[in-house]
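Presented below is the structure to which this report refers.
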Amino acid sequence: MTLPKSIATVCLSGSLPDKLEAAALAGFQGVEIFENDLLTFDGSPAEVGRLCADLGLAVTIYQPFRDFEAMPEPQRRRNLDRAERKFDTMQALGTGLILVCSNTQPATLPEPERAAADLHAMAERAAARSLRVGFEALAWGRRTSLWREAWEIVRLAGHPALGLILDSFHTLARGDDLAGLEAVPAEKLFFLQLADAPRLSMDVLSWSRHFRVFPGQGELPVGAFLRDVLRAGYRGPISLEVFNDEFRAAPVRRIARDALRSLILLDDEVRDAAPAAAVPAAALPPAARLAGIEFLEFAVDHASRQALGGMLGTLGFHHAGLHRSKAVELHRQGGVNLVLNAEADSAASERFEMFGPTVCAMALRVDDPARALARAQALLSPAWQERIGEGEHRIPAIRAPDGTLVYLVRTGSDIWSDDFALGAAPAPAVPPFSGIDHVVQALAPGHLDGFVLFWRAVFGLGADPIWELPDPFGIVRSRTLSAADRSLRLPFNVSESRQTTTGRFVSAYAGAGEHHIAFATPDVAAAARPAAPMLDIPENYYDDLAARFDLGEAELSALRRRRLLYDRDAEGSFVHAYTHAFQDRFFFELVERRGGYDQYGAPNAAVRMAAQTRQRRR
Ligand SMILES: O=C(O)c1ccc(O)c(O)c1
Ligand SMILES: [Mg+2]
């Protein structure tokens with residue numbers, strides 16, 4: 001047994017049957033029927049009830065019933081009549097619970113006693129039909145906007161068919177918490193809705209109606225909230241109620257799968273507080289201990305392999321080996337392995353046919369590949385198997401949300417000697433790269449939240465807040481996921497504009513993908529070798545640097561001479577440089593972190609994007 005999982009139909013796109021099928025297919029046990037989805041459906045409530053039953057879905061609640069409590073007459077009497085009609089609907093749907101959200105009307109009377117009396121009257125009528133009523137405080141309710149105020153009214157009403165409904169968004173968005181919930185009898189906790197959200201400064205109604213996300217995708221402490229509810233003795237379903245413009249426009253099955261992934265993760269995070277009967281039979285296997293990127297693999301053809309190999313050569317890479325049975329080359333520079341795959345009829349060639357030269361796989365070093373794979377599968381990411389030759393290594397892999405492969409390589413193991421004919425390494429001509437510092441991926445609008453959840457859940461990465469970067473042709477939003485020890489850093493960029501560097505990448509190549517790869521170097525001035533096709537930076541940038549930081553003349557002229565970019569914070573400094581884009585697709589960055597600098601030089605992103613636009617036009 002795990003906590004029963006439910007989802008409100010409002011989270012999903014499409015017609016009501018589409019939503020129900022997707023919820024059932026993903027693996028939910030229940031659905032909240034949102035009134036609007038029923039009103040716009042051309043079948044009876046009884047048909048919806050049958051559809052749910054056929055799909056194995058319980059109708060956990062019917063909602064919302066608005067603007068009910070504490071209205072003056074004659075609305076009061078009309079509201080009670082309206083409630084009777086909704087009870088008919090509930091019985092046809094086959095649900096025993098209705099959600100009343102707190103009144104938002106200016107005419108709402110202020111006395112909690114009046115609200116309690118009205119809800120008592122409604123509960124009395126519900127009870128006559130063996131139905132129940134739950135009361136939820138909307139964060140923007142006229143007189144009732146906090147859960148404690150809603151509880152006070154439910155307590156005053158004192159009817160067994162009336163209880164409290166909690167919604168994490170309404171509480172957490174107000175900066176409130178659940179202190180005091182222990183005082184509410186467990187049997188009065190009728191239902192629990194969960195939603196997360198990014199921290200935004202806007203009115204709470206707009207925030208709620210457009211920007212909610214699934215737990216784990218936002219920045220609110222939903223796990224702690226759920227733990228408090230379970231400690232208070234709540235034993236009902238956990239139900240997602242997310243109003244999100246992007247989710248409502250996205251393919252319904254993808255969003256339903258993200259939704260369930262979010263609850264599986266949350267369920268696991270609160271195991272310590274869950275009632276014994278609801279503790280998942282098996283905990284999720286712990287997330288992998290990561291140790292960086294063993295290799296990145298590019299899908300290429302013979303011509304682009306030649307060209308990319310040439311460009312890598314200017315950065316000090318050498319051709320380190322050839323695969324024994326496939327058209328696959330290994331290029332190396334220090335601790336960085338890049339695989340160029342031109343094998344026909346492979347996962348790589350599939351990507352190449354669709355997107356041209358592109359990164360098609362990333363191999364992560366993990367402490368235990370089998371455990372990492374088991375966790376991914378438990379979180380709804382299926383395993384993937386590449387065709388292999390006699391005696392060659394089988395590396396476990398899963399698919400990232402965009403279909404690229406994530407290989408799982410045991411830290412410290414040698415995956416190269418068996419499958420590759422390796423040549424002798426030449427003496428390094430430049431200070432060797434210590435590894436891959438970060439890999440930036442461009443995503444199509446609407447995909448960021450899904451990627452954030454995937455990487456958070458499957459690999460336990462943490463997510464930074466969102467940055468907004470000004471491109472000459474629009475805004476790029478960027479969010480970075482990283483391991484706590486920074487052994488893996490993955491910034492994701494999204495742009496609504498098709499003209500930005502990010503937007504062009506996504507629209508021109510019909511998909512997302514890695515659009516820039518940063519190599520870590522101890523000496524960026526040496527690594528940005530004269531032969532390398534480095535991006536030029538305007539003189540104005542260096543004048544501004546001199547004004548912003550008190551750099552010595554020698555340091556400033558060293559930066560200027562090599563056209564390096566610079567950033568600094570309280571922890572340390574960051575010197576970096578970019579190559580031209582390879583065939584207008586992806587590009588490379590060279591980064592030198594000094595001291596404890598832990599960011600990505602975001603103040604320089606606008607300069608970089610403008611320089612890229614100029615370079616492209618040349
Ligand atoms: O935005 C709303 O009106 C609304 C309705 C019902 C809910 O349960 C809720 O949390 C919000
Ligand atoms: Mg709600």
Side-chain angles (χ1 to χ4, degrees), residues 5-12 19 30-40 59-69 79 82-83 86 89-90 93 95 97-106 108 119 122 132-151 153-154 162-176 178 181 189-197 200 202-215 218 220 222 225-226 228-229 234 236-248 259 262-263 266:
K5 296 178 179 64
S6 161
I7 183 168
T9 54
V10 72
C11 303
L12 301 171
K19 296 172 189 236
V31 283
E32 298 184 31
I33 300 291
F34 211 75
E35 181 166 72
N36 215 46
D37 287 318
L38 182 66
L39 297 185
T40 54
V59 179
T60 50
I61 202 167
Y62 180 53
Q63 75 128 334
F65 192 75
R66 295 185 191 276
D67 301 332
F68 170 74
E69 83 284 2
N79 274 345
R82 186 159 64 94
K86 296 302 167 187
T89 305
M90 289 165 67
L93 285 173
T95 184
L97 185 58
I98 188 166
L99 177 150
V100 175
C101 55
S102 58
N103 201 332
T104 61
Q105 294 299 311
T108 313
L119 284 162
M122 183 172 173
R132 298 190 308 157
V133 178
F135 187 46
E136 175 196 45
L138 292 182
W140 55 92
R142 183 79 183 178
R143 303 285 181 185
T144 306
S145 61
L146 298 171
W147 73 265
R148 286 182 203 82
E149 295 164 348
W151 165 239
I153 290 166
V154 169
L162 179 68
L164 183 64
I165 292 181
L166 295 169
D167 177 325
S168 60
F169 180 85
H170 294 300
T171 295
L172 299 174
R174 294 280 303 263
D176 194 11
L178 293 176
L181 191 68
L189 300 175
F190 275 15
F191 201 68
L192 174 61
Q193 298 177 316
L194 295 175
D196 197 348
L200 301 170
M202 58 165 51
D203 71 283
V204 70
L205 187 147
S206 308
W207 188 14
S208 176
R209 293 263 172 93
H210 303 285
F211 299 100
R212 289 188 184 204
V213 289
F214 298 126
L220 302 181
V222 184
F225 183 93
L226 174 56
D228 287 344
V229 178
Y234 176 73
I238 49 178
S239 190
L240 294 168
E241 189 199 31
V242 167
F243 308 86
N244 181 299
D245 297 353
E246 289 183 347
F247 295 1
R248 285 205 236 194
S262 126
L263 283 190
L266 195 64

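Indexing begins at 1, ligand by ligand and atom by atom, following the structure's order.
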Side chain, backbone, both or neither: the part of L99 lying under 4.0 Å from ligand 1 by heavy atom:
side chain

Can you pull out the closest protein heavy atom to atom 3 (O) of ligand 1? Residue, atom name and distance to 0.1 Å, please.
R66 NH1, 2.6 Å

Quick check on contacts: which atoms of ligand 1 are under 4.0 angstrom from a heavy atom of R209?
1 (O), 2 (C), 3 (O)

Is the F169 to F243 ring centre distance short of 6.0 Å?
no

S208 side-chain N/O to V204 backbone N/O, donor-acceptor pair under 3.5 Å:
no

If I apply the N/O under 3.5 Å rule, does S208 come out as touching ligand 1?
no

Can you check side chain to side chain donor-acceptor pair (under 3.5 Å) on T60 and S6, steps first, answer last?
CA-CA 7 Å; T60 50; S6 161; 3.0 Å; yes

Looking at H170, which atoms of ligand 1 are within less than 4.0 Å of one of its heavy atoms?
9 (C), 10 (O), 11 (C)

Enumerate the atoms of ligand 1 whose separation from the nearest heavy atom of Q193 is less than 4.0 angstrom.
8 (O)

For the Mg ion (ligand 2), which protein N/O/S atoms fall under 2.8 Å? Skip waters.
E136 OE2, D167 OD2, Q193 OE1, E241 OE1

What residues form a salt bridge (charged side-chain N to carboxylate O under 4.0 Å, His left out) with R148, not counting sequence neighbours?
D176, D177

Examine the side chains of E241 and Q63 and answer whether a donor and an acceptor come within less than 3.5 Å of each other.
yes

Check L138 against ligand 1 and report side chain, backbone, both or neither, counting heavy atoms closer than 4.0 Å.
side chain

Give the C-alpha distance, both sets of side-chain angles, the deciding distance and a yes or no for side-chain contact (heavy atoms from CB on, under 4.5 Å) between R66 and C101.
CA-CA 6 Å; R66 295 185 191 276; C101 55; 4.0 Å; yes

Taking the non-hydrogen atoms of F65, is any one of them nearer than 4.0 angstrom to ligand 1?
no

May I ask you to check whether E136 has an N/O atom sitting below 3.5 Å from an N/O atom of ligand 1?
yes

Provide the number and element of each atom of ligand 1 under 4.0 Å from a heavy atom of Q63.
6 (C), 7 (C), 8 (O)

Aromatic F68 / basic R82 pairing, under 6.0 angstrom, 45° off normal
no

Does the side chain of F191 reach to within under 4.5 Å of the side chain of Y234, using non-hydrogen atoms?
yes

Atoms in ligand 1 with a heavy atom of E241 nearer than 4.0 Å
6 (C), 7 (C), 8 (O), 9 (C), 10 (O)

What do the steps show when you test L189 against L181 for side-chain contact (heavy atoms from CB on, under 4.5 Å), and what is the final call?
CA-CA 10 Å; L189 300 175; L181 191 68; 4.1 Å; yes

So F225 and L192, side-chain contact (heavy atoms from CB on, under 4.5 Å) or not? Walk me through it.
CA-CA 10 Å; F225 183 93; L192 174 61; 3.7 Å; yes

Output yes when E69 and R143 qualify as a salt bridge under the 4.0 Å nitrogen-oxygen rule, no when they do not.
no

Under 3.5 Å donor-acceptor, T9 side chain and F34 backbone:
yes

Honestly, for E35 the part within reach of ligand 1 (heavy atoms, under 4.0 Å) is neither

Quick one: which ligand 1 atoms are inside 4.0 Å of a heavy atom on F243?
4 (C), 11 (C)

